[in-house]
Number of protein chains: 2
Amino acid sequence: MVNPEQLIDRLRSRGWRLSAQRRVVAEALQGDHVHMSAEEIYSLARERLEEISQATVYNTLRELVSMGEVRVLLADDGVKRYDPNVAVAHHHLLCVHCQTFKDVHPSGDDGVELPDAERFGFILTGMDIVFKGICPECQLVLGVQDHQ
Amino acid sequence: MVNPEQLIDRLRSRGWRLSAQRRVVAEALQGDHVHMSAEEIYSLARERLEEISQATVYNTLRELVSMGEVRVLLADDGVKRYDPNVAVAHHHLLCVHCQTFKDVHPSGDDGVELPDAERFGFILTGMDIVFKGICPECQLVLGVQDHQ
DNA sequence: TGACGACTTAGAACGATTCTAAAGCTAGAA
DNA sequence: TTCTAGCTTTAGAATCGTTCTAAGTCGTCA
């Protein structure tokens, strides 16, 4: 598990000016949540600092992403989710119904390679694996069963 | 290479009513293009059928997706691209600069597995692998070089 | 104290997509 | 052939997440 202070500590040590607004956004991110949307982060931040504006949440998130401290995930609904867990390599499991992401560490992922003939002259910078499925809560809602 | 008539043939044999508008959308999809956005498909369709409306393009694409004949890809810009090549299993290579997708067939992808302990009770329905990189055209634009 | 730069804010603007309500087509019945 | 019911198309409005704008606030350093 990630040290809950990690993100804020990293930001401080990078000399990032830590206003009250930025702090509540960072705190919301590093809590033990699934990866949240900007909207969810906004409402969580608001519980702690009522005056914070949506624009500040968006500004802060955009800045954290461009600093490389937070990663953006796009669910199938097109809405961005924010993943603060950049320090540890991992992939994702997405519920196709409720669009929730979970971090996962698949086996065999280091064996995946793109043959030269399929690189089309690209400079490769990364690879993401997304498993898709239906989470337990949505299985109940949908009335589906896991036959395995 | 996919038979260029495949998509339209499949649709016809499924009893899908093939209007002029739907035909030009399907033809645009199955041409030898990279995976296009709705906007790009609209302008291509328009070259062949000037009166076609944007709404029809969106309606048709949505229907093709829900029929399972076309797959949606979300680039990092949040804009949907449409992949008509559902018949053959494949993964994707995305240019992080121009957001173009190419189909690829990595090696070792069948060795990737999610351990039981990491499934969190999900019913798994699929796995997508997306390689990211910079395409040759964008390398020129950006002035970066491939050192390998 | 003043001034500058960084940060925040409300609200407008934006862009992709979906919705709405009306009009147009088409296949098959009469 | 004509009629009709249902599917399809249309323009434009609406939606929603996100970004932009321009003004206001704050903190820091001289």
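Lettering of chains follows the sequences in order, A, B, ..., and the numbering in each one begins at 1.
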Does L140(A) belong to the same Ile/Leu/Val/Met/Phe/Trp/Tyr cluster as L142(A), with side-chain heavy atoms less than 4.5 Å apart forming each link? no
Expressed as a whole number of angstroms, how long is the span from I41(A):CD1 to dT18(D):C1'? 13 Å
Filtered N/O pairs between nucleotides 13-15 of chain D and protein, under 3.5 Å:
none

Produce the list of close N/O pairs, under 3.5 Å, pairing protein atoms with atoms of nucleotides 5-7 of chain C; give distances to one decimal.
{"residue": "dC7(C)", "atom": "OP1", "partner": "R22(A)", "partner atom": "NH1", "Å": "3.1"}

Under a single-linkage rule joining Ile, Leu, Val, Met, Phe, Trp and Tyr whose side-chain heavy atoms are separated by less than 4.5 Å, which residues share a cluster with F101(A)? L73(A), L94(A), V130(A)
Not counting sequence neighbours, which residues clear side-chain hydrogen bond (donor to acceptor under 3.5 Å, both in side chains) with N59(A)? List them please. R62(A)
Would you please name every residue forming a side-chain hydrogen bond (donor to acceptor under 3.5 Å, both in side chains) with S19(B), sequence neighbours left out? none
Integer-rounded Å distance: dT8(C) C1' and E50(A) CD: 16 Å
Atom pairs under 3.5 Å, N or O on each side, protein against nucleotides 13-17 of chain C: can you list them with distances?
{"residue": "dT17(C)", "atom": "OP1", "partner": "K80(B)", "partner atom": "N", "Å": "3.1"}
{"residue": "dT17(C)", "atom": "OP2", "partner": "Y58(B)", "partner atom": "OH", "Å": "2.8"}

For L18(B), enumerate each residue passing the side chain to side chain contact (heavy atoms under 4.5 Å, CB included) test, keeping only those at least two apart in sequence or located in another chain. I8(B), R12(B), W16(B), R22(B), R23(B)
Using the test side chain to side chain contact (heavy atoms under 4.5 Å, CB included), find all partners of Y42(A) that sit at least two apart in sequence or belong to another chain. E39(A), R46(A), I52(A), Q54(A), V57(A)
Y42(B) OH to dT9(D) P, straight-line distance once rounded to whole Å: 14 Å
List the residues meeting side-chain hydrogen bond (donor to acceptor under 3.5 Å, both in side chains) with H97(B), not counting sequence neighbours, and say none if there are none. none
So salt bridge (Lys or Arg N to Asp or Glu O under 4.0 Å) across residues 68-77 of chain B, not counting sequence neighbours, yields R10(B)-E69(B), R14(B)-E69(B), R71(B)-D128(B), D76(B)-K132(B), D77(B)-R81(B)
Set of side-chain hydrogen bond (donor to acceptor under 3.5 Å, both in side chains) partners for S107(A), sequence neighbours left out: none
If the condition is salt bridge (charged side-chain N to carboxylate O under 4.0 Å, His left out), which residues does E40(A) pass it with, not counting sequence neighbours? none
